[in-house]
Amino acid sequence: TACSSKFVLSQMHPMWQGPLAVPGGDRQSPIDIVVRKSIFDGELKPLVTSYDPRTCQQIWNNGYSFLVEYDDTTDKSTLKGGPLKDKFRLCQFHFHWGETNAWGSEHTVDRKLFPAELHLVHWNADKYSLFEEAVMEDNGLAVIGVFLKVGKRHEGLQKLVDALPAIRHKDSVVEFNRFDPACLLPTNTDNYWTYHGSLTTPPLTESVTWIIMKQHIEVSHDQLAVFRSLLFTSAEEEVQKSMVNNFRVQQPLRGRAVRSSFI
Ligand SMILES: NS(=O)(=O)c1c(F)c(F)c(S(=O)(=O)CCO)c(N[C@H]2CCc3ccccc32)c1F
Ligand SMILES: [Zn+2]
């Protein structure tokens, strides 16, 4: 699919936490969300997601995270509303997590770290015809971020967790269909923070409208442990490395406003 990120992976190595030079670089992600400095914006609308589980195609380990990819050649799985003026197509979702439950998220709320964070990546299909175009354009992308907390087992996530042993190694892919990503959203999607930022992996382009949910979802300790059983390394490599701590370090706010849809 257009959104398969294989072409991007070549520039990636698992733990590129370094200060990759980014032109300009004054709207980088992730950031710490300082709640008392966020600005309520009454113009922000509720999010409107409409995902068709039949557009789910595969789940694969790309050596940085595991991602579930969707067919984004039609308008079957879309996101609109919220801070967005246009209609965006879902191309994939993936997660970031730590080696322990003490950390793992990319964004933080008043410096609070979560054990993991879900990202649903969408691109502006009203303005562009391919993900690759949108990824280079101002506000070409919209990513929904959802924090994960350890608690009760997440029934919807289990289907995904059960597929992970089949993609333990980098570059392994399995067919995965009929998965509705809406089951991973919190019950309340009206309360969120939004700001202009970037991808948190190469090419780190500053093309993302971030929409971070205030309400987290709960997953069980055992479900998260399966995430940590994945490997950064391919089957051929002699030294296997656990896929953990696949998050980017926080970036300076550089005077950006973080708006909230709630008081
Ligand atoms: N945290 S994040 O939301 O910024 C983000 C990721 F963290 C991440 F890991 C990936 S990726 O596809 O697994 C790796 C490629 O960069 C993407 N994938 C995007 C980035 C580049 C690209 C190219 C084609 C399809 C998807 C993506 C991503 F948008
Ligand atoms: Zn991400």
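Atoms within each ligand, like the ligands themselves, are counted from 1 in listed order. Predicted model, so just to flag it, every value in this text is computed and none were measured.
- Atoms NE2 of His94 and NE2 of His96, as seen from the Zn ion (ligand 2), are separated by an angle of 110°, to the nearest 10°.
- Between the side chains of Asn139 and His196, at least one donor-acceptor pair of N or O atoms lies under 3.5 Å.
- Between Lys112 and Asp110, none of the side-chain N atoms (NZ, or NE/NH1/NH2) sits under 4.0 Å from a carboxylate O, so this pair counts as no salt bridge.
- The part of Gln92 lying near ligand 1 is the side chain, judged by heavy-atom distances below 4.0 Å.
- Ligand 1 lies less than 4.0 angstrom from a heavy atom belonging to Glu106.
- Shown in contact with Asn62 at under 4.0 Å from a heavy atom are these atoms of ligand 1, numbered in order with element: 11 (S), 12 (O), 13 (O), 14 (C).
- Each of Tyr192, Tyr195, Phe247, Trp193 was scored for a ring-ring contact (aromatic ring centres under 6.0 Å, His included) with His107, with one residue passing: Tyr195.
- Side-chain rings of His96 and Trp103 stay apart, their centers remaining 6.0 Å or farther from each other.
- Contact annotation: Pro203 has at least one heavy atom less than 4.0 Å from an atom of ligand 1.
- Residue-to-ligand polar distances keep Ser198 apart from ligand 1: every N/O pair is separated by 3.5 Å or more.
- The only member of Asp72, Val68, Thr73 that meets side-chain contact (heavy atoms from CB on, under 4.5 Å) when paired with Tyr70 is Val68.
- Looking only at atom types and distance, the side chain of Gln223 has no donor-acceptor partner in the side chain of His221 under 3.5 Å away.
- For atom 22 (C) of ligand 1, the choice among Trp60, Phe95, Trp123, Phe131 with the nearest heavy atom turns out to be Phe131.
- Ligand 1 has at least one atom lying under 4.0 Å from a heavy atom of His96.
- Listed by atom number, the atoms of ligand 1 under 4.0 Å from Pro202 heavy atoms are 16 (O), 21 (C).
- Electrostatic pairing of Lys127 and Asp86 counts as a salt bridge here, judged by a charged N lying under 4.0 Å from a carboxylate O.
- Ion pairing between Asp138 and Arg27 holds under the 4.0 Å rule for side-chain N and carboxylate O.
- Of all N, O or S atoms in His119, the one lying closest to the Zn ion (ligand 2) is ND1.
- Looking at His119 next to ligand 1, an N or O pair under 3.5 Å apart turns up.
- The option with the heavy atom closest to atom 1 (N) of ligand 1, from among Leu118, Thr200, Asn61, is Thr200.
- The ring of Phe95 has its center closer than 6.0 angstrom to the ring center of Phe66.
- Contact annotation: for Val121 versus ligand 1, heavy atoms closer than 4.0 Å belong to the side chain alone.
- Atoms of ligand 1 lying under 4.0 Å from any heavy atom of Leu199, numbered from 1 in the order shown and given with element: 4 (O), 20 (C), 21 (C), 29 (F).
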